[in-house]
Structures are given as C-alpha cells and as structure tokens.
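Okay, structure first, notes after.
Just so you know, these numbers come straight off a predicted model, no measurement behind them. Throughout, a chain's letter reflects where its sequence line sits, starting with A, and its residues are numbered from 1.
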Amino acid sequence: MRLATWNVNSIRSRVDRVAAWLERQDVDVLALQETKCKDDQFPEERFTALGYQVAHVGLNQWNGVALLSRVGLDDVQVGFPGQPTWSAKEGVEPAVEARAIGATCGGVRVWSLYVPNGRQLGDPHLDYKLAWLEALRVTAGEWLAQDAEAQVALVGDWNIAPQDDDVWDMSVFSHSTHVSPPERAAFRAVVEAGYTDVVRPHAPGPGVYTYWDYTQLRFPRREGMRIDFVLGSPALTRRVSGALIDRQERKGKGASDHAPVVVELGE
DNA sequence: ATGGTTGTGTAACAA
C-alpha cells in the first residue's frame, strides 16, 4: 500500500495536478492539507472518478484537510479528541478549526493534520500551535496505550523543522518559528509517545526538503525546509519498506509550495 | 529596493 501526504495550498487551484500525480504515483491513500475551501466546494467528483473515496473538512477559505482512499475510508472523524479551539478575533466564539481528519484506510488509522503556523515568536498563534501539538501528543499516546499494536499514521504539515539540517541555513532562523526549542520539544514529545518519522531514513538530509517558499527564488536556490512528516506507530513503522519526497512536483507553473511525501507499506 | 509569491476573494489576510 502506498500512503502519501501533501499540503496542496488550495485543492481547487491544484486539482488537475493532484489527479495526474495520484495516477502517476499509484497512491492508495492521500492526505491533503490546506484545501482552502468549504466542503461543498471540494472537487470530490474528480477523485471519485479515479476510484477514490473522499472525506474532507473545510469551514472557510483557510486550512481544510482531506483524505482520499481507494482501499476503504471508514470511521471518519473530524478533529481529534481534545483538539484545541481558536478564536479568529475578539468576540468570536472559539471553534475547532479544520486541521485534522482521521479515517481507517486499508487497516491503517490515518490522520491528515495541518498543525497551526506559529507566525512569530511571542505571537498567540505560537501558544496555540504548542497547545495543539501537546493535545495531539496526549491523544495519540492514549491510542497506543489502548492498543500497542495499533497501525496509526500521523501525517501532514507539522510546520516544524525538527533538526538543523531541516532548513538550508540555521542563521536565517535564529529569531523564527519552526525551529524554536519549544516547537522542537513538542515534536519530539510526539516521537517519544511512540511515533517515528518513517521517511527520513529513506530520504536523508542535508538539503532534502518538503517545502520551499514561493518568494525569493527559494526553490531554484534549493533553500527549503523539511516540515511535512509521516509519523508511524510502532506497528506501522515496521511495515515501511520505502519512502520518497517528490521534489519534481514542486517544479513548474502551478505548483504548490510543498512537495508530496510518499511511503510504501509492505505486509 | 525593508519587498520579493501565491492563495483566498476582491481588501486584506495568511502562509
């Protein structure tokens, strides 16, 4: 089974590219982030025509996560237990954002996750991000406490570069989010709860990234960040036989600023 | 040059 994750930065502007890529890469399950649309705007028929079932949550033009699967899509869950809420502005009732959707696909509990962007050090968004990751760590840890053999994949855009090699130049990030000690500790806590980065051994750095900013010629200059991850539970990690970051897909007109990440699972 | 691009939706905001 081939499992993939991709921050597409708007599914409506990328639907042709995603559909073509799915067929080319022979992917069974694809987790999408930043679909940037409401549920009724999601181009579901494009994917059902290719044999995929679709689950999506999108509340407005921000965030939005989805799962496409051709190996079953059962027990869909919008948001994870304990997922923190966010209030966009003063006076607006805090709500759970469209940042997490889970389903069982071919025996694997797959979660498509879009971790909040912390924006700046000291920004309330960073506190939200850290609380979000801590809540995820607690819940995902409970899943393994209940069933140590559970096959769980926590996949998506984590908005964290866990190691210095995961950015092109650490000195550029000395006062930035994504690399700060609290963010790295929050990521490490998920790993220590039992979830392994299954891609890195198959796509080692330095210089291997999943995201390149649209501005400042970051992609041709090879100035990127590794911030998209597939974290596997122990039982899932044992099944991983290969992985790749499809850098080709970042090329050309109409590319997302993120590349897709693919994991091959054996029996 | 204190920005640089791309997305939402059509002014700003988000990344």
Query raised in the report: Tell me the ring-ring contact (aromatic ring centres under 6.0 Å, His included) pairs involving residues 162-186 of chain A, sequence neighbours left out?
Result: A/W168-A/F173
Query - Pairs satisfying ring-ring contact (aromatic ring centres under 6.0 Å, His included), at least one member in residues 61-84 of chain A, at least two apart - result: A/F80-A/W132
Requested in this report: In whole angstrom, give me the gap between the P atoms of B/dG3 and B/dT8.
Outcome: 24 Å
**Report entry** C1'-based separation of B/dG9 from B/dG4 [nearest Å]
**Finding:**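 These two C1' atoms come out 22 Å apart once rounded.
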Query raised in the report: If you pin A/S10 and A/Y114 to their nearest nucleotides in DNA chain B, which one's is more 5'?
Result: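 The answer here is A/S10.
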Query raised in the report: Starting at the 5' end of DNA chain B and moving along, which residue's nearest nucleotide shows up first, A/N117 or A/S13?
Result: A/S13
Query raised in the report: In the hydrophobic clustering (ILVMFWY, side-chain contacts below 4.5 Å, transitive), which residues join A/V92, or is it alone?
Result: none
Requested in this report: Sort and list the pairs that fulfil side chain to side chain donor-acceptor pair (under 3.5 Å) and have at least one residue in residues 76-85 of chain A, not counting sequence neighbours.
Outcome: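 Matches after skipping sequence neighbours: A/Q77-A/R109.
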Listing, residues 139-146 of chain A side-chain donor-acceptor contacts under 3.5 Å, not counting sequence neighbours, or none:
{"from": "A/T139", "atom 1": "OG1", "to": "A/P81", "atom 2": "O", "distance (Å)": "2.6"}
{"from": "A/T139", "atom 1": "OG1", "to": "A/A135", "atom 2": "O", "distance (Å)": "3.4"}

Requested in this report: On DNA chain B, reading 5' to 3', which nucleotide is the first and which the last to sit with an atom under 4.0 Å from a heavy atom of chain A, could you check?
Outcome: B/dG4 to B/dA15
Query raised in the report: Considering residues at least two apart in sequence or located in another chain, which fulfil the side chain to side chain contact (heavy atoms under 4.5 Å, CB included) criterion with A/D169?
Result: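 A/D169: side chain to side chain contact (heavy atoms under 4.5 Å, CB included) contacts with A/S171, A/V172.
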Query raised in the report: What residues in residues 207-220 of chain A put a non-hydrogen atom under 4.0 Å from any atom of DNA chain B?
Result: A/Y214, A/T215, A/Q216
Report task. Give a yes/no verdict on a cation-pi contact between A/R226 and A/Y209, requiring under 6.0 Å between NZ or CZ and the six-membered ring centre and an angle within 45° of the axis. Result -> no
**Report entry** Set of residues satisfying ring-ring contact (aromatic ring centres under 6.0 Å, His included) with respect to A/F187, sequence neighbours excluded
**Finding:** A/W158, A/F229
